[in-house]
Enquirer: 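This is the structure I have questions about; it appears just below.
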Amino acid sequence: MTFAGNPSSNRYEFGANWASFVDKHYSAERRQLAADKLLSFLGKQSLEGMDFLDIGSGSGLHSLAAFDAKADRIHSFDFDSLSVDTTGKLRKLAGNPPNWVVERGDVLDADYLETLGTWSLVYSWGVLHHTGAMWEAIENAAGKVAPGGLFFISLYSSNVVKPSAQFWLDVKRQYNAANPRQRWRMEYWYIWRFGLGRNPLRLPHLLKQIYEKKKGRGMSYMTDVRDWLGGWPMEFADDNAVIDFLKERFDFELVRISTGEACTEFLFRNPKGR
Ligand SMILES: C[S@@+](CC[C@H](N)C(=O)[O-])C[C@H]1O[C@@H](n2cnc3c(N)ncnc32)[C@H](O)[C@@H]1O
């Protein structure tokens, strides 16, 4: 499918959004919050002794978090060249450490993945549902987890989406076909309808959401609104279907799950090698 307003691509320009996030919003505080959230979901004090594969690194903030958490080795890749450049920028900020590689790569490219070997922590947050082949992407990513290793992913959940998955798929098509001015109007439509619930008295609730977005993973509300409206290709996953799929294909055990938000977070362990 090709969009009228974006004739050269049928993908959302994720990288441009991440470049703008780092230019406008990067801060030491967000860096710290991202590391805190990463470690808390993993239930760890540090990543010492672990290596970290970041699939679809986006801004690179979470690769940087893994660096700060003292991962032995980090490999970040993304399909979008601007995401790669932006992750490279954060690597530079960390002093260009030799144990952190940033490059362009595609989680659907089996030959590329083959060159990467396996990793004790594979991380892919908000990525695999944006590939156009979600289940293949989940399978490819899971195949990179070393025996005994961890798999931390997040996926848009079909269990909580409102008003419906189809509603958002239509909005996304429209957003990707829109010019910058129309996109800007859609972003404000989103804030009015979903941020404020069409009620200005809910402003404190919106401000809380903005604060929580930052507190959660160091992200920015407007960056996430654009990512949500634009993110394409796009699929939704049923939480239990993900758990069953990884159990059946890989015998992965679910260690932790966080539900209720647009993206469900899953932490799995590859029990092989215990
Ligand atoms: C919503 S962003 C998430 C970025 C980051 N993981 C985070 O949590 O902030 C999705 C990212 O996945 C990347 N992506 C999409 N398809 C991909 C693919 N086939 N292989 C690798 N990265 C991909 C996009 O370019 C984008 O940077």
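Start at 1 and go down the list; that is how both ligands and their atoms are numbered. Quick note: residue numbers are just sequence positions, from 1.
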Enquirer: A137 and T131: which non-hydrogen atoms are nearest, and at how many Å?
Expert: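 Closest heavy-atom pair between A137 and T131: CB-OG1, 3.6 Å.
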Enquirer: Any atoms of ligand 1 less than 4.0 Å from a non-hydrogen atom of R11? List them with their elements.
Expert: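 Those atoms are 15 (C), 16 (N).
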Enquirer: Which ligand 1 atoms, with their elements, are less than 4.0 angstrom from a heavy-atom of F79?
Expert: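 That gives atoms 17 (C), 18 (C), 20 (N), 21 (C), 22 (N), 23 (C) of ligand 1.
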Enquirer: My understanding is that we take every heavy atom of each candidate and find the minimum distance to atom 10 (C) of ligand 1. Doing that for G58, C263, G126, which one comes out nearest?
Expert: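 Closest candidate by heavy-atom distance is G126.
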Enquirer: Going by the order shown, which atoms of ligand 1 are within less than 4.0 Å of some heavy atom of V107?
Expert: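 Counting atoms of ligand 1 from 1, those under 4.0 Å from V107 are 18 (C), 19 (N), 20 (N), 21 (C).
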Enquirer: Nearest heavy atom to atom 9 (O) of ligand 1 wins, so pick from W125, F21, W18.
Expert: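 That would be W18.
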Enquirer: Does S124 approach ligand 1 within less than 4.0 angstrom via side chain, backbone, both or neither, non-hydrogen atoms only?
Expert: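 Contact part for S124 vs ligand 1: neither.
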Enquirer: When you check the side-chain N and O atoms of Q182 and Y175, is any donor under 3.5 Å from an acceptor?
Expert: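 Their side chains do not contain a donor-acceptor pair, so the 3.5 Å distance test is not met.
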Enquirer: For residues D36 and Q32, is any side-chain donor paired with an opposing acceptor at under 3.5 Å?
Expert: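 Result is yes, a qualifying pair exists.
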Enquirer: Among protein heavy atoms, which sits nearest to atom 12 (O) of ligand 1, and what does the distance come to when rounded to 0.1 Å?
Expert: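 Sorting protein heavy atoms by distance from atom 12 (O) of ligand 1 puts V127 CG1, 3.4 Å first.
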Enquirer: Short list, please: which atoms of ligand 1 are under 4.0 Å from a heavy atom of D227?
Expert: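 Numbered from 1, ligand 1 contributes 1 (C), 2 (S).
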Enquirer: Taking only heavy atoms of R217, which atoms of ligand 1 are found under 4.0 Å from at least one of them?
Expert: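 Counting from 1, the qualifying ligand atoms are 7 (C), 8 (O).
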Enquirer: Dump the intermediate steps for ring pair (Phe, Tyr, Trp, His ring centres under 6.0 Å) on W119 and F52, then the final yes or no.
Expert: CA-CA 6 Å; W119 296 73; F52 184 85; 8.7 Å; no
Enquirer: Any atoms of ligand 1 less than 4.0 Å from a non-hydrogen atom of H130? List them with their elements.
Expert: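 Reading through ligand 1 atom by atom, the close ones are 1 (C), 15 (C), 16 (N).
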Enquirer: If you look at every heavy atom in V107 and L113, which pair is closest and at what distance?
Expert: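 Distance-wise, the nearest heavy atoms are O-CD1, 3.3 Å.
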Enquirer: Identify, for atom 19 (N) of ligand 1, the protein heavy atom at the shortest distance, and state residue, atom and that distance.
Expert: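 Heavy-atom neighbour on the protein nearest atom 19 (N) of ligand 1: D106 OD1, 2.8 Å.
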Enquirer: Starting from atom 27 (O) of ligand 1, locate the nearest protein heavy atom and write down its residue, its atom name and how far away it is, to 0.1 Å.
Expert: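 Protein heavy atom at minimum distance: D78 OD2, 2.7 Å.
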Enquirer: Looking only at heavy atoms of G105, does any of them come nearer than 4.0 Å to an atom of ligand 1?
Expert: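 The answer is yes: ligand 1 sits under 4.0 Å from a heavy atom of G105.
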Enquirer: Looking only at protein heavy atoms, which one is nearest to atom 5 (C) of ligand 1, and how far off is it?
Expert: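 It is G56 O, 3.3 Å.
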Enquirer: Kindly list each side-chain donor-acceptor pair under 3.5 angstrom involving residues 196-204, sequence neighbours excluded, with atom names and distances?
Expert:
{"residue": "N199", "atom": "OD1", "partner": "L201", "partner atom": "N", "Å": "2.9"}
{"residue": "R202", "atom": "NE", "partner": "L196", "partner atom": "O", "Å": "3.4"}
{"residue": "R202", "atom": "NH2", "partner": "H205", "partner atom": "NE2", "Å": "3.2"}

Enquirer: Under a 3.5 Å cutoff, is there a donor and acceptor pairing between the side chains of W135 and E235?
Expert: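 There is no such pair between these side chains.
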Enquirer: Strictly by modelled atom types, are D238 and N159 linked by a side-chain donor-acceptor pair under 3.5 Å?
Expert: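 Yes, because at least one side-chain N or O of D238 sits under 3.5 Å from a partner of the opposite role on N159.
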